[in-house]
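Reading through the structure tokens given below for one structure.
Because the structure is predicted, anything quoted here is derived from the model rather than measured. Numbered from 1 within each chain, the chains take letters A, B, ... in sequence-line order.
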Number of protein chains: 2
Amino acid sequence: MAYSLDKIDLQLLEILQKDSNQTTKRIAEQLGMTTSPVFERIKKLEKEGYIKKYVAVLDNKKIGLKLTVFIGIALQGHTRSYLEKFVKEINNFPEIVECHRVSGNFDYLLKLVVEDIEAYETFIISKLTLLPYLGNVQSLITLSTGKETNEIDLSRI
Amino acid sequence: MAYSLDKIDLQLLEILQKDSNQTTKRIAEQLGMTTSPVFERIKKLEKEGYIKKYVAVLDNKKIGLKLTVFIGIALQGHTRSYLEKFVKEINNFPEIVECHRVSGNFDYLLKLVVEDIEAYETFIISKLTLLPYLGNVQSLITLSTGKETNEIDLSRI
DNA sequence: ATACAATACAGATAAATATTCTTTTTATAT
DNA sequence: ATATAAAAAGAATATTTATCTGTATTGTAT
């Protein structure tokens, strides 16, 4: 049977989502426990795949990537082989950080992170519009971002 | 003058973006260096704010949050105080992981992570539609996700 | 209710790692 | 070429991780 998460596991995940570079001791203190069971739980969560990986979160703006753009795309054809090809092509573009197949007024929603408006235009002209069967394409240029996180609220689980 | 990143810093950021739970020794090996300069560079990148934090990336689906939805929202009024209030309200909803002010056919683009279609509907009915001055609202329900990462390609910097 | 088994916990310890300090090398400007 | 500054290497120390052992708790069957 599948391993299921208890309250402590969820608390632990919340803690690690916010900051994964804490010592087991400090995490244990927050949970009111000692290190060994906490350590074992973390290892279990990693092994079972609840924790996929640990990563550094960078400041994109500081690095020079100042612009986030969302692009809704409707395709004119919907054959399976074409959809697969489309996703494959899209995934090779380094500007694209997300690519979702969606239902609604578009077929795909892309999220792009680029230097600036110029880099965005270059992407559109020299990459996106070269793809065949493009239908309606609509960009939403981010002006400011109120919230942007991977952190999932687990209190509702 | 502002600290600027050299090739080694960028390589280091790429490595830490992919996996931050490596020993300094292993990272140093990948860079062909010894641990101490690598350690110092990491501390510098943290201190200067290029690295914002370290986090655990969870498997949302496994945890029970199976649905991602994007919602484009146009408002009917655009007074400053109202926009501020709108963002504030939105940020309090735990379902919302991203909230961007955008230009284009909408004023805001939200990204939601919820259990399922039912939880999505509950959000719309009992949270979103209670906000005043809502105009056009359009949801894009994710069917499948081809790519979803924070990892920024730094080779182009 | 009681005994038994299974699981989780606390505390202690050895091994590994992070961190600091000193010395050496490399790069740069005069 | 030489002096200076910056970065890297090497070595020593402080922390932390990971493991082990014994104890407590929880669940289950009688």
Side-chain angles (χ1 to χ4, degrees), chain A residues 1-60 62-64 150-152 154-157, chain B residues 1-59 62-64 150-157:
Chain A
M1 192 206 143
Y3 178 70
S4 85
L5 301 173
D6 65 13
K7 265 187 187 175
I8 297 173
D9 289 323
L10 290 172
Q11 275 182 276
L12 193 45
L13 290 176
E14 291 257 28
I15 290 169
L16 293 173
Q17 259 189 325
K18 287 203 175 69
D19 179 6
S20 63
N21 255 26
Q22 304 178 73
T23 64
T24 314
K25 194 178 167 188
R26 255 190 65 196
I27 296 170
E29 279 164 13
Q30 293 171 63
L31 295 169
M33 297 164 77
T34 55
T35 59
S36 39
V38 172
F39 178 79
E40 280 160 18
R41 277 172 183 269
I42 292 172
K43 291 300 149 195
K44 193 188 249 171
L45 291 169
E46 291 168 2
K47 199 183 161 193
E48 302 277 340
Y50 291 98
I51 296 171
K52 289 202 282 190
K53 56 180 175 175
Y54 298 93
V55 302
V57 177
L58 308 187
D59 187 329
N60 293 340
K62 201 151 190 175
I63 289 166
N150 318 309
E151 208 180 310
I152 299 293
L154 300 177
S155 61
R156 54 187 147 136
I157 307 275
Chain B
M1 192 204 141
Y3 179 69
S4 86
L5 303 172
D6 66 12
K7 266 187 185 174
I8 296 173
D9 289 323
L10 291 172
Q11 274 183 276
L12 192 45
L13 290 175
E14 290 257 28
I15 290 169
L16 292 172
Q17 258 189 327
K18 288 202 174 70
D19 179 7
S20 65
N21 254 25
Q22 303 178 72
T23 64
T24 314
K25 195 177 165 187
R26 254 189 67 197
I27 296 169
E29 280 164 12
Q30 294 172 63
L31 294 169
M33 297 164 77
T34 55
T35 59
S36 36
V38 171
F39 177 79
E40 280 160 17
R41 277 173 182 270
I42 292 172
K43 289 301 148 193
K44 191 187 249 171
L45 291 168
E46 290 168 1
K47 198 184 162 194
E48 301 276 338
Y50 291 97
I51 296 171
K52 290 202 282 190
K53 57 181 174 176
Y54 297 92
V55 302
V57 177
L58 308 186
D59 188 328
K62 200 150 191 175
I63 289 166
N150 317 309
E151 207 180 311
I152 299 293
D153 178 89
L154 299 178
S155 60
R156 55 187 147 136
I157 306 276

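In this structure, A:K43 places its NZ atom 9 Å from C1' of D:dT17, rounding to the nearest Å. Look at CD1 on A:I8: it is 10 Å from P on C:dA8, rounded to the nearest Å. Following rounding to the nearest Å, B:E40 (CD) and D:dA11 (C1') show an atom-to-atom distance of 14 Å.
Across every non-hydrogen atom of B:L10 and B:L154, the tightest pair is O-CD1, 3.7 Å. Closest of all the heavy-atom pairs between A:I42 and A:L16 is CG1-CD1, 4.2 Å.
Partners of B:D59 by salt bridge (Lys or Arg N to Asp or Glu O under 4.0 Å), not counting sequence neighbours: none found. Residues forming a side-chain contact (heavy atoms from CB on, under 4.5 Å) with B:V57 (at least two apart in sequence, or on another chain): A:K52, A:K53, A:V55.
Within residues 14-37 of chain A, the residues having any heavy atom under 4.0 Å from DNA chain C are, by residue number, A:M33, A:T34, A:S36, A:P37.
Listed nucleotides D:dT19, D:dA7, C:dC9 differ in distance to A:F39; the shortest reach to its side chain belongs to D:dT19.
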List, with names and distances, any nitrogen or oxygen atoms from the protein found under 3.5 Å away from nitrogen or oxygen atoms belonging to nucleotides 27-29 of chain C.
none

Distance-only donor-acceptor pairs under 3.5 Å for side chains of residues 23-34 of chain A, two or more places apart:
| unit_1 | atom_1 | unit_2 | atom_2 | d |
| --- | --- | --- | --- | --- |
| A:T23 | OG1 | A:R26 | N | 3.2 |
| A:R26 | NH2 | A:Q22 | OE1 | 3.2 |
| A:Q30 | NE2 | A:Q22 | OE1 | 2.7 |
| A:Q30 | NE2 | A:R26 | O | 3.4 |

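Remark on the helix from C:dA1-D:dT30 to C:dT30-D:dA1: inter-end axis angle 40°, axes from five-pair C1' superpositions, rounded to 10°.
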